[in-house]
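In what follows, a single structure is set out as structure tokens and then discussed.
Below, chains carry the letters A, B, ... as their sequence lines are ordered, and counting in each starts from 1. If you're wondering where the values come from, they're calculated on a predicted model, not measured in any experiment.
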Amino acid sequence: DGGITQSPKYLFRKEGQNVTLSCEQNLNHDAMYWYRQDPGQGLRLIYYSQIVNDFQKGDIAEGYSVSREKKESFPLTVTSAQKNPTAFYLCASSILNMPPLLNEQFFGPGTRLTVL
Amino acid sequence: EDQVTQSPEALRLQEGESSSLNCSYTVSGLRGLFWYRQDPGKGPEFLFTLYSAGEEKEKERLKATLTKKESFLHITAPKPEDSATYLCAVQPHGAQKLVFGQGTRLTINP
């Protein structure tokens, strides 16, 4: 079954700790994305990557870091510098079209992070 | 600045009562518009892609339409299982990133 997996489903963190959220896809997609979702707000882009070993900041990258060492994997680290990290985190992937054609993104099931 | 606004924020319908959800957008050229369904605590599920004014797409009780300034998601004779949050996103011309609206929370009462 092709798809996107995220783990863990729920994550609890103490203030001052870094945590890493996992995202894996077996769709052979080139591009991967991390979004944050807060109640009553649209999805906000944190980071995205179009190719292995390269990534770009999105609209709210402060306090987050990513890596893209493999095409299938795009982990997100929420650092202690992120002031309000409690949220629902979504990973997505898409085929990379050049020039940018339709970017149909497919999402994983999400990770809910709670800071205690 | 590219912007997407969805209305209403929340909508309650009786089973079988048809209605429409709105997605208004302002972008510097539209490459595509996407509709997603999101159940509580889950990731968005892809529904439709629209890319030219006048285009329509259908799936079961849902029909999405597109004009130059907005998109509608029409739901015909809805059932309780259609209850979800519906998200709209636009892709500006020349861009890889999507801009999302805040969603419409739809509740269908039996």
Side-chain angles (χ1 to χ4, degrees), chain A residues 3-7 9-10 21 23 25 27 29-51 54-61 87-114, chain B residues 1-10 21-52 55 57 59 64 66 71 84-105:
Chain A
I4 303 173
T5 57
Q6 292 185 242
S7 62
K9 186 171 181 177
Y10 300 98
L21 283 59
C23 177
Q25 55 96 2
L27 300 168
H29 285 172
D30 300 291
M32 296 185 75
Y33 311 81
W34 274 105
Y35 291 91
R36 171 183 172 135
Q37 187 174 35
D38 295 283
Q41 294 193 40
L43 275 64
R44 292 184 290 167
L45 184 64
I46 305 172
Y47 268 97
Y48 66 104
S49 169
Q50 297 179 320
I51 195 169
D54 188 40
F55 45 83
Q56 287 77 41
K57 292 182 179 180
D59 302 316
I60 55 165
F88 191 50
Y89 289 87
L90 288 159
C91 177
S93 69
S94 69
I95 295 170
L96 181 64
N97 295 297
M98 285 296 180
L101 300 177
L102 288 170
N103 184 8
E104 294 177 348
Q105 296 184 12
F106 296 88
F107 285 84
T111 291
R112 185 164 298 281
L113 173 63
T114 303
Chain B
E1 183 185 344
D2 301 322
Q3 208 164 7
V4 178
T5 303
Q6 292 187 246
S7 61
E9 287 188 16
L21 313 182
N22 178 263
C23 171
S24 297
Y25 60 89
T26 52
V27 290
S28 49
L30 180 71
R31 168 58 70 186
L33 184 143
F34 308 91
W35 281 99
Y36 291 86
R37 170 194 169 123
Q38 186 176 25
D39 292 306
K42 298 193 175 179
E45 174 191 345
F46 177 81
L47 290 175
F48 302 111
T49 301
L50 303 164
Y51 61 92
S52 62
E55 190 178 4
K57 292 272 180 76
K59 180 179 180 180
L66 181 65
S71 176
T85 295
Y86 290 86
L87 302 174
C88 170
V90 299
Q91 179 184 357
H93 233 285
Q96 193 75 16
K97 295 188 290 183
L98 303 186
V99 180
F100 281 83
Q102 80 280 18
T104 292
R105 190 173 64 254

Residues, nucleotides or ligands: over 12 heavy atoms within 6.0 Å of B:F46 CZ: yes
Ring geometry between B:F100 and A:Y35 (parallel below 30°, tilted from 30 to 60°, perpendicular above 60°): perpendicular
Neighbour count above 12 (heavy atom, 6.0 Å) for A:Q41 CD: yes
Heavy-atom proximity to chain B below 4.5 Å, by part of A:L43: both
Spatial distance of atom OH (A:Y48) from atom CD (B:Q96) [nearest 0.5 Å]: 8.0 Å
Atom of A:E104, atom of B:T49 and distance for their closest heavy-atom approach: OE2-OG1, 2.7 Å
Residue part contacting chain A, namely of B:Q6, when any heavy atom lies under 4.5 Å: neither
Most contacts with chain A, counted as non-hydrogen pairs under 4.5 angstrom, among B:G41, B:A89, B:C88: B:G41
Closest approach of A:L102 to B:G32 (non-hydrogen atoms, all atoms of both residues): CD2-CA, 3.6 Å
Atom pair NZ/NZ of B:K42 and A:K9 - distance to nearest 0.5 Å: 7.0 Å
Intermediate values then yes/no, side chain to side chain contact (heavy atoms under 4.5 Å, CB included), B:Y36 and A:Q105: CA-CA 10 Å; B:Y36 291 86; A:Q105 296 184 12; 3.7 Å; yes
Residues, nucleotides or ligands: over 12 heavy atoms within 6.0 Å of B:R105 CZ: no
